[in-house]
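Notes for the one structure printed next.
Since the model is a prediction, treat every value here as computed from it, not as a measurement.
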Protein chains: 2
Amino acid sequence: MENSEVTILLVDDEPDILEFLGYNLEKEGYHVLKAKNGQRAISMAKQYKPQLIILDVMMPVMDGMEACAEIRKIPELAGIMIAFLTARGEDYSQIAGFEAGADDYITKPIKPPLFVKRVQALLRRFQNEPDQSDIIVLKGFTIDKSRYIVIKDGVDITLVRKEFELLLFLVSCLNKVVTREEIFAGVWGEDVVVGDRTIDVHIRRIREKMGIDSIKTIKGVGYKFDED
Amino acid sequence: MENSEVTILLVDDEPDILEFLGYNLEKEGYHVLKAKNGQRAISMAKQYKPQLIILDVMMPVMDGMEACAEIRKIPELAGIMIAFLTARGEDYSQIAGFEAGADDYITKPIKPPLFVKRVQALLRRFQNEPDQSDIIVLKGFTIDKSRYIVIKDGVDITLVRKEFELLLFLVSCLNKVVTREEIFAGVWGEDVVVGDRTIDVHIRRIREKMGIDSIKTIKGVGYKFDED
DNA sequence: GGCCACGTTAACAAATCATTAATTATGATC
DNA sequence: GATCATAATTAATGATTTGTTAACGTGGCC
C-alpha cells in the first residue's frame, strides 16, 4: 500500500504538536488529518475512516482514553488502529491497564525519525497481509496455508492435517478429476498403504465441516473439486 | 556502564562555559567532546556517536533548536539524548524545544553538583528507558523486549529467557503456524538438539503465566499465535 | 434381487500433545 | 572456585486428538 493511500488522524490540543507531527508524517507521504480534541476526533474518524489515529492522552473536552473507548464502540470504525501519545514517565504499563483498546503507545518528547519508524511499523503490522502465495481464494471461501485454516463467510474453519492436505490436493487439481490412486500418492505418499474407506471418511469430514458440495464424486473414477 | 564509556558532547559558543562544564564532567570520569556551534556539533555527533549532547539554545551559526531538529533527522543518531542549556526565565522555549526532540532542560546559571546529578539522572534514564521499538503492543497485552516482561492488565508478568524468546518468535509470525522445526531453528538455533517435549513445556509455561489461549496448537503441524 | 461403489457411523489404535516431576545446566554471589 | 538459586531440559505418565478400520447403509444398474 502506498503511503499516500494511508490516512492518519492526529489528535492533540496543542496546535504546535499537531503541526510538528503532521509535518513529519506528510513528509513521508501520509495523508494527515488533525483534530484538537476527542469529540472532533470521533466525528472526523467517522467521516474519513483513517487507518490510524494518534491520540494525545491529555486533552480538554474529551481526553484520549475516553475518545479511544468511544471509538472502539463504533462498529463502522472497527479495525482502526489507535496509538496514544503519553508523556515520558507516565508508566505505559499503567495506561495499558486502564484501557486495552489502544494498539500502541508513543512517548513524548517525540523524536521524528523514531516516530515515523514507529508509525510505519504499526501500519505494517496491522495490515499484516499474509503472504499472497499462501492464500488460495476460491469462489465461496479462502484457504490460508500459513494459518492452516479455511475461511468461509468470514468464519474460520479448522481442518485437521490430513483433511487440510487432502483439500489442498483436490484444490490443486481444480475442476479435474483425481483418482484414488493419485490421492494416495499425493497425500499419503507412494508407499503408505491404507484402506479404501479412509479417503471417503476424510472427504466426508471436509464436506461436513465446510458445508459444501464442491467436492463431487465421480463414481468409478475418483473425486473432483468443482469451482462453481 | 562505567562513566569512562560514556561520551558527552558539549555545545556552546562560549569557551568558558565549555571549559567549565567539561571540567565538571571529566572529573566524574565521562569522556567529553566540545563543539562551538550547531554545525560542528552535528558533524562531531556523526563521528563519535555520543550518548548525550548538551546544547546551548542560543548560539551563532546554528542555534540549539535547529541543531537538535537536524540531529533528530539523522537515523543513525536515533536514540541519542539531547539536553538544552537555557537561561533561566526563557522557559517559553521549552515547549518548542520538546517538540524539536529534546529530552531535558538545564537552566543557567549552572551549579556544578546539580549539573552533574542532572546528567547522571539523564544517562540513567537513557539506559533504563526502553527503546520504543522494543515494545510490541498486542490486543490484550504489551511485550517489552528490553525488560523481558509482558504487561497484561497493568500487571507485569516475568517470563524467563527461553519462554520470552519463544513468545517473541511466535508473535513475530503473528497468526501464522510455525512448525516445531521452525521454532527450533528460530529460538534454539539450527545445530542445537533438544528433545521434543521441550517446546511443549515452554509453551505450557507461557500459557500458564499469561493466562491466555492465544497460542493455538495445530496438531501434527505446529503452533500458532492468534491475535484475537 | 444381487452386485458394486461409495457413504456413514462408531469404535479402535496410533500419533501427538499436555502435564508433572525429576534431573541437569547455567549463572550469580560470595 | 564452591555454593546456591534459577532456568532449561528430559523423562515418565496421562489426556486428547487424529487417522484408520470395520461394519453396515444406500442407491444405482444390470
Side-chain angles (χ1 to χ4, degrees), chain A residues 147-150 156-170 177-226, chain B residues 1 145 147-150 156-170 177-226:
Chain A
R147 294 163 57 182
Y148 237 78
I149 55 171
V150 173
D156 291 5
I157 299 166
T158 306
L159 301 181
V160 300
R161 188 162 59 144
K162 270 273 141 60
E163 290 161 12
F164 196 81
E165 284 171 2
L166 177 51
L167 174 67
L168 267 187
F169 186 74
L170 291 177
V177 179
V178 287
T179 66
R180 281 162 178 276
E181 287 68 42
E182 287 169 333
I183 292 175
F184 279 133
V187 179
W188 273 263
E190 292 285 0
D191 45 349
V192 183
V193 181
V194 289
D196 227 23
R197 297 277 67 69
T198 302
I199 289 181
D200 306 39
V201 172
H202 284 302
I203 292 276
R204 185 185 117 58
R205 287 187 182 152
I206 296 172
R207 294 209 257 232
E208 188 179 53
K209 281 190 181 175
M210 296 185 51
I212 52 163
D213 54 354
S214 298
I215 298 176
K216 305 272 198 265
T217 304
I218 316 295
K219 269 207 166 189
V221 189
Y223 292 93
K224 174 171 76 156
F225 194 101
D226 252 353
Chain B
M1 194 189 283
K145 289 195 224 178
R147 292 196 288 161
Y148 263 65
I149 59 170
V150 173
D156 289 6
I157 299 165
T158 306
L159 300 182
V160 299
R161 193 164 57 105
K162 272 274 138 65
E163 290 161 14
F164 195 82
E165 284 170 2
L166 177 51
L167 175 66
L168 263 190
F169 186 74
L170 291 177
V177 176
V178 288
T179 65
R180 281 160 181 275
E181 287 69 42
E182 287 169 332
I183 293 175
F184 279 134
V187 178
W188 274 263
E190 292 286 1
D191 44 351
V192 182
V193 181
V194 289
D196 231 21
R197 297 277 68 71
T198 303
I199 288 181
D200 307 38
V201 173
H202 283 114
I203 291 275
R204 185 184 115 58
R205 294 212 177 117
I206 295 172
R207 293 208 257 231
E208 187 180 53
K209 283 188 182 177
M210 296 185 53
I212 52 164
D213 56 353
S214 298
I215 298 176
K216 304 267 200 281
T217 304
I218 316 293
K219 273 212 168 192
V221 187
Y223 292 93
K224 172 171 77 159
F225 193 102
D226 252 351

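By the salt bridge (Lys or Arg N to Asp or Glu O under 4.0 Å) test, Glu163(A) pairs with Lys209(A), sequence neighbours left out. Partners of Thr158(B) under the side chain to side chain donor-acceptor pair (under 3.5 Å) rule, at least two apart in sequence or in another chain, do not exist in this structure.
Between Val150(A) and Phe164(A), the shortest heavy-atom contact is CG2-CE1, 4.2 Å. The minimum heavy-atom distance linking Phe169(A) with Glu182(A) is given by the pair CZ-O, 3.4 Å.
Overall, the helix from dG1(C)-dC30(D) to dC30(C)-dG1(D) carries an axis bend of 20° between its ends, with five pairs at each end and the value rounded to 10°.
Lys216(A) places no side-chain N or O within donor-acceptor distance of the main-chain N or O of Asp226(A), the cut-off being under 3.5 Å. Looking only at distances, a side-chain donor or acceptor of Arg207(A) sits under 3.5 Å from a matching main-chain atom of Ile215(A).
Looking at Leu170(B), Leu166(B), Leu168(B), Val178(B) one by one, the single match for side chain to side chain contact (heavy atoms under 4.5 Å, CB included) with Val187(B) turns out to be Leu166(B).
The shortest distance between side-chain heavy atoms of Asp156(A) and Arg147(A) falls below 4.5 Å.
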Revision key, fill the gap. With B for base contact, S for sugar-phosphate-only contact and - for none (protein heavy atoms under 4.0 Å), nucleotides 19-27 of chain D reads BBB-B---B
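Separating the CD1 atom of Ile206(B) from the P atom of dA8(D) is a distance of 11 Å, rounded to the nearest angstrom.
The nearest heavy atom of DNA chain C to Tyr223(A) and to Ile218(B) marks one nucleotide each, and the one closer to the 5' end goes with Tyr223(A). Comparing Thr217(A) and Asp200(B), the nucleotide of DNA chain C nearest to each residue sits closer to the 5' end for Thr217(A).
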Name the atoms and distances for all side-chain donor-acceptor pairs under 3.5 Å in residues 194-201 of chain B, with sequence neighbours left out.
residue	atom	partner	partner atom	Å
Arg197(B)	NE	Asp200(B)	OD2	3.1
Arg197(B)	NH2	Asp200(B)	OD1	3.4
Arg197(B)	NH2	Asp200(B)	OD2	2.8
Thr198(B)	OG1	Gly195(B)	O	3.3
Asp200(B)	OD1	Arg180(B)	NH1	3.0
Asp200(B)	OD1	Arg180(B)	NH2	3.0
Asp200(B)	OD2	Arg180(B)	NH2	3.4

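Classified by interplanar angle (parallel below 30°, tilted 30° to 60°, perpendicular above 60°), the ring pair Trp188(A)/His202(A) is tilted.
Using a 4.0 Å cutoff to heavy atoms of chain B, the contacted part of DNA chain C runs 5' to 3' from dT16(C) to dT20(C).
Among the atoms of the strands shown, none is found under 4.0 Å from any heavy atom of Phe164(B).
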